[in-house]
Each structure stands twice: as structure tokens, then as C-alpha cells.
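Notes to accompany the following structure.
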Amino acid sequence: MTYTILPPRCHRDGEEYMLEPLGDNRYQGGGFQVTLQAEPVKEGCVKLTHTWVNTGSRTERFQPELRIRGEFACTHYVIPGVSYDGNHWGNGLEPKGLERDGAPWVFDYRRTTIPGCTISEDSEQYLALFASDDAPMSLTCSCAMVPQEDGKMVHRLLYPVIERPLTYSSRDRYTEAYESFLALEPGETFTARAYVAQGRPVAPRYGSANVEDLALELLGKDYPSAYSMEQLQGLCKSHALHLMKKDHDRQLFCIGFLPEGGIQRKREGVEFGWCGQNGMYARLFLQEALETGDQELLEIALSNLDAWTQEGRSSTGLVFTQYERVWDDQPAIVDTCNQGFAMVELLKAYRLAKDGGIQREAWRETALGIADFFSAHWSETHGFGKSWDARTGEPKDPNGTIGAYLIPGLVDVYRETGESRYLELAKRAYRFYAQRDLKQFLCTAGALDTYCIDKETSGPMLVAALRLYGVEPQEEWLEWAKRAGWYFCSWMMHYDALYEADRDFTKEGYHTLGGTTVSAQHHHIDPWGALMVPSLTQLYRLTGDWHWQRRARLIWANAIQNIAPWRGKLIHGLWRYPGAQNEAYLHCRWGEVATGGNFNDWLVAWPQAYCWNTATVLKDEDLQLPC
């Protein structure tokens, strides 16, 4: 047997009580009698129902707890969306390991992407415990893990919502512990259900993949998309037009809107990729202009892309991905993420323009210049690194998986030029990052405002594997694509969390299901997953596995649900133009107030670029589930 169900415990009046077995799966102690019932769900999975009865003569205010112990030495563990083998990569102050100052970390279920989920494994077997979402009492829980001296792992589900010894409430910041309790009158009962899953991991360190598939089958209820693909394109274009600004006679997109003086005002800053997504917006404007003959959109697109490829191109071959750096003498530190975006978007735009009878050789030359720079600076030790000085070509940070953002662009450059050296470098780079990082169920340093284990860096690993499979349809690339997809979707919320009536999520009808959380250092949902929806649907078409299609549907529905409609939208007393959407959805105890269930007011540029891009690639029917 992979696991043992341990006697339940309860916390009451500052003390912990371990209940004594009575036989027939019944336990007693601390003023309670508990019955455990295990019901097979499918092979390797049981539903565990626990019912607590207050057998005393007074009202009991308490915290019940389930425990199971894996009967193998754990070599890898995951708390999805929270802890990846202890979060030891990076220099952030996010929760490290399984305890702090000798006290086990206990996390609110809403912080985990599968409710209250803990996963332990070795190379041959995995064990997982997670909550059911069939009723509020089942879902409203917390989780913890306790390693044993013999290497075995104890998985814990505690009720109701608890966070201790501290609450991780914003980047690198903690607030006091949060405790809540159940209250049972004499003779009253409390019942909750959870799932225990065991089996062989699809690959070493990939027990999470098995659990994700199971969670998709057992949890969550689909909800309709707020907009059709056609409607969405118009709204996203509207948002982009509101972002427009003139800079040195160039038509550019500002980075977003922030509240100031009771209204949303444009924030300074223009970026090719990352938050600003000028490159993607300009290419989308060009695409629509060529389809419709809209001269205004065409002029914006040409002006914008010319800015990056004329004055924004460094003599090193790199692109100044922040436009303001072109005009000052400050250090111009650029990251491999944005250089990768630049290669991809400039080549797409070049091909569109060429097909439309517009010559823009500088766009192609700039993309190839980036490819040549990184061809000359490949390292067998660090890959492409994280950041470089665009003025001098000197490396600034060699670490992280973030260099994988260059791989899709290198494949595109190969397709453009036919030169095999670019393809060979793309394959070498992919194998490097896959063996060093992705194989370990670990991707890092792609969320540019953190330095930690994250979601975003697995995006290019998924896209690049599918690009390589398109060039060389070998099983190796499809296998890596699946692994990248599983890792990425470990950050996807598999359920709808519960919130009080006064929270933004409740008032606006926001679903957490399908949302993708950011990183080990940033615990909130954002719409970033919209960019990966076409790749997930492609995985479905290539594998025939419906789980990928459901993930794509859920991520898409989540990403577009709060985009302001054509009539606009008022949130927090601030007017949002049609197409606008905030970046952060605070699904757990996170932010200045740290209550969970609220929106922020940062109307950043990038989400609508990602959504618009996907809406040009897919049709509504492309996201239908098989019958």
C-alpha cells in the first residue's frame, strides 16, 4: 500500500488531540467521534468522507484534521501554485521548505491551484491528498506537509481556513497568522470529503501531471466565455487605441493605466514586450490593416515597428526593449524574454508586410541580428542567460530558464532563412533547458518582476517544443511539449474558490477556475495563460487527449471574463474604457489588505495583446470539447 490513513486529529483550546481508533474506521477523542469512509472513484483514487460528531455537552470551537502518510521515502514534493520542492531556487523571501522556525507551513486552500493539494513522490510512485469542491465545508480547508525522519511524508488537510505560522501576503512580505474555527453544538455533525490519489508518475518528478488530469475530471464546472473571438478582437483593439502616445514622432503604446486623482491615467514607459507589448500590438494592427484597408492602423503599425528597428536597434544586434533607453545614456539592461518576443513579432510582421506589398527589410534584419548575437553568445553552462547590456553586449545575469524565450524565435529564423545553424542551436538550447530545468519540474526567472520559480518560463518551453515538432515531428519534442504543458498547468486553478459577499470576485461574478497564478514569489492570478491557449489546443489535436482541450477552454474563459464591455465599466469608483482589464486577481490573502477575492486597479497593456493574439489564431469552435 502506498499510504496509511492516520488517526484524525483536532486542535481545540490551544491543544492538539489525536483521536483513538475504535475499530470499523471509527475514532474518538477530544470530545468527538469521527467516522472515515473510503469510496473508490477510479483506479488509484478514493473519496475519503470524514464525519465529526460533537459527543460532549458544550459547544466546541475546533479545527479538525485529516492525515495520511506515504509509505515510501519522498524524493520530490509539490504544493501546486505554492511550493515546488521547497522553492529553494531564487533570492526571494517566499515560503521556503515545509516549515518556518520549526513550525510547519499551513496554507489556505485558495492559495493552492488544486484545493488543499499536497503531492509527494519518488521515481516509482506518487501520493496526493486534496479537497473535494462538492460542498463549501469540503472546500474550505487548509493544507500542510510534514517530512518524517525516515524520509516518508505526512500529508495534512485542516479545516477550515488557516495560515500559519505567518501569512505570505505580498512579495517578500508577511503578516500575522490567520486562524478560523468550526463550531459544533452538542450532537451536531461536520462532514467533509477529500480525495486520496496514488499511482506511478508519468515521469520521474511528474506525479503532479497525474494529479492534474485527475483534478480536471473531478473538480470544477465549466462556464461560458464572456465574448466571442470576433467581439474580443474589437474590444482589445479599443484598449490598444487608448494606450496610444506620441514619442519622438513615433506612434507607440504606453505601458498601461494607474489611478491618479480619481481617474485612470497613462503610466510612463514604452516596452517592446513584457508589460507594454508594443511589438505584438503593432503586428496585430498591421494584420488588421492589411485585411481591412484601415490606413490609420497601418500608419500606427509601421511607425511603431520602425521605431524599434531603426532608432531602437543597438549596434550589438540587441534591441532596446524600453524605448526611453534609446534617448538617454543610462544602462540598457535587456532580458532574453523580450529579445525572444522581438524575434518572433518582427518576423511575423515582416512576412505580413511583404505579403501585403510593403518592404521592411529592417524588421527582418533586426530579428536576424538578435539571433546572430545569441548564436555567438551561447554558453554550455548557462544557456542564453537572463539579461545583457544592449549597449555593450556584456552579460549581466546568466541564470534562469528565461533564455528559453529565444528558442521559438530561432526556429522562426530557421524557417525564414533556411540556415540549419539556427535550427541546430534551437535544438541544443531546448535540450539544455529541458534536461537542466523542465525535467526537474522546475522553470525559473521568467516573471521579470521576481526572481524565483514561476509559471511564465514554461510558456516558451511549450511553444518551442511544438515549433520544433512542426519542423521535426519526432516523439522527443511532443514529449517535452506535454511536460511543459503539465508544468504550466500546475499553476492553473482547477476549481472555483469561495468568497464573502463584499469581495470583488463575488460582486463581479469572477471565476477562479482556469486562472493561472504567477510564481512562487507572487501569489495572485493573472490572464497570462491566454497566450498559451493555442498551444494547448494544438497539444489536444496532436495527442487526442481531451484534458489539454479542457485546460485551454478554462484558461480562455478565465482570461477574458473581466474585460470591460463596449459600454465601459466602473470598478472601485474608477472608469474603465471598453476592452480594459486589470492585471492582478487576488485569489488568496494577498495585497495591502490581504483578504482575498479582490481586483487591483493596474490596467496594464499586455493582457489584451495576448487575448487579441489568440482570438486571431482560433475560432470559437476550436475550443469545443469532444462529444
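Residue indices begin at 1 and follow the sequence shown.
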[X] side, atom [atom1]; [Y] side, atom [atom2] - distance, nearest 0.5 Å:
X	Y	atom1	atom2	result
Tyr433	Tyr430	OH	OH	12.5 Å
Met461	Leu466	CE	CG	11.5 Å
Ile525	Asn558	CD1	CG	6.0 Å
Asp133	Lys221	CG	NZ	11.0 Å
Tyr495	Leu513	OH	CG	10.5 Å
Met229	Cys611	CE	SG	9.5 Å

Looking only at atom types and distance, does a side-chain atom of [X] sit under 3.5 Å from a main-chain N or O of [Y], one as donor and one as acceptor?
X	Y	value
Asp526	Ala584	no
Asp122	Cys74	no
Ser138	Asp134	no
Arg205	Gln440	yes
Thr112	Ile114	yes
Ser180	Val161	yes
Thr506	Asp502	no
Asn210	Val202	yes
Glu121	Gly207	yes
Gln233	Ala615	yes

> Between His11 and Glu65, does a side-chain hydrogen bond (donor to acceptor under 3.5 Å, both in side chains) hold up when you go through it step by step?
Replying inline: CA-CA 8 Å; His11 302 257; Glu65 178 182 342; 2.8 Å; yes
Close side-chain approach of [X] to [Y], heavy-atom, < 4.5 Å:
X	Y	result
Trp52	Leu19	yes
Gln549	Thr537	yes
Ile563	Tyr227	yes
Asn598	Phe505	no
Cys588	Tyr168	no
Val78	Ser83	no
Trp105	Arg100	yes
Pro8	Leu36	yes

>> Go through it in stages, so that I can follow the logic: the residues are Leu539 and Leu478, the test is side chain to side chain contact (heavy atoms under 4.5 Å, CB included), and I'd like the CA-CA distance, side-chain angles, deciding distance and then a yes or no.
In response: CA-CA 8 Å; Leu539 259 184; Leu478 187 57; 4.0 Å; yes
Describe, in one word, how the ring planes of [X] and [Y] are oriented to each other, choosing from parallel (under 30°), tilted (30 to 60°) and perpendicular (over 60°).
X	Y	result
Phe441	Tyr206	perpendicular
Tyr84	Trp491	parallel
Trp590	His522	perpendicular

>> With side-chain hydrogen bond (donor to acceptor under 3.5 Å, both in side chains) as the criterion, how do Glu583 and His524 come out once you've worked through the C-alpha distance, each side chain's angles and the decisive distance to 0.1 Å?
In response: CA-CA 10 Å; Glu583 180 184 50; His524 64 77; 5.5 Å; no
Atom [atom1] of [X] with >12 non-hydrogen neighbours under 6.0 angstrom:
X	atom1	answer
Glu621	CD	yes
Glu43	CD	no
Gln37	CD	no
Lys47	NZ	yes

> Going through the distances and angles, do Asp622 and Arg541 end up as a salt bridge (charged side-chain N to carboxylate O under 4.0 Å, His left out)?
Replying inline: CA-CA 10 Å; Asp622 291 332; Arg541 291 193 297 270; 5.7 Å; no
> When you measure from the centre of the six-membered ring of Trp480, is the NZ or CZ of Arg483 under 6.0 Å away and within 45° of the axis?
Replying inline: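 Yes, Arg483 and Trp480 form such a contact.
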>> Does the Lys NZ or Arg CZ of Arg164 fall within the cation-pi geometry relative to Tyr178 - under 6.0 Å from the ring centre and within 45° of the axis?
In response: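 That pair does not qualify as a cation-pi contact.
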> Can His155 and Thr118 be said to form a side-chain hydrogen bond (donor to acceptor under 3.5 Å, both in side chains), step by step?
Replying inline: CA-CA 6 Å; His155 300 239; Thr118 52; 2.8 Å; yes
>> So that I can tick it off, tell me whether Glu476 and Arg431 are bridged by a salt bridge, with the cut-off set at under 4.0 angstrom between side-chain N and carboxylate O.
In response: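 Salt bridge between Arg431 and Glu476, a charged N being under 4.0 Å from a carboxylate O: yes.
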> Can Arg193 and Glu39 be counted as an ion pair, charged N to O under 4.0 angstrom?
Replying inline: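 Looking at Glu39 together with Arg193, the answer is no, because their closest N to O distance does not fall below 4.0 Å.
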Check: [X]/[Y] side-chain N/O donor and acceptor closer than 3.5 Å:
X	Y	answer
His523	Arg111	yes
Gln277	Gln608	no
Glu71	Thr4	yes
Ser142	Asp108	no
Thr189	Thr51	no
His50	Tyr159	yes
His494	Glu212	no
Thr512	Tyr499	no
Trp548	Gln538	no

> Does Tyr585 have any ring pair (Phe, Tyr, Trp, His ring centres under 6.0 Å) partners at least two apart in sequence or in another chain, and if so, which?
Replying inline: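 If we apply the ring pair (Phe, Tyr, Trp, His ring centres under 6.0 Å) test to Tyr585, skipping adjacent residues, the hits are Tyr510, Phe599.
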>> Tell me the closest heavy-atom pair linking Tyr195 and Leu219, and the distance in Å.
In response: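 The pair with the smallest heavy-atom distance is CE1-CD2, 4.3 Å.
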>> Could you check, using the six-membered ring where one of them is a Trp, whether Phe32 and Phe62 have ring centers closer than 6.0 angstrom?
In response: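 Centroid separation for Phe32 and Phe62: below 6.0 Å.
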> Are Lys455 and Tyr487 close enough, and set up right, to give a side chain to side chain contact (heavy atoms under 4.5 Å, CB included), and what steps lead you there?
Replying inline: CA-CA 8 Å; Lys455 163 192 70 184; Tyr487 175 83; 5.8 Å; no
> Checking side chain to side chain contact (heavy atoms under 4.5 Å, CB included) for the pair Gln125/Arg200: CA distance, chi angles, key distance, verdict?
Replying inline: CA-CA 4 Å; Gln125 54 205 325; Arg200 185 179 180 87; over 6 Å; no
>> Could you walk me through whether Phe72 and Tyr3 satisfy the ring-ring contact (aromatic ring centres under 6.0 Å, His included) test, starting with their C-alpha distance in whole Å, then the side-chain angles of each, then the deciding distance to 0.1 Å, before giving a yes or no?
In response: CA-CA 8 Å; Phe72 56 89; Tyr3 66 92; 10.0 Å; no
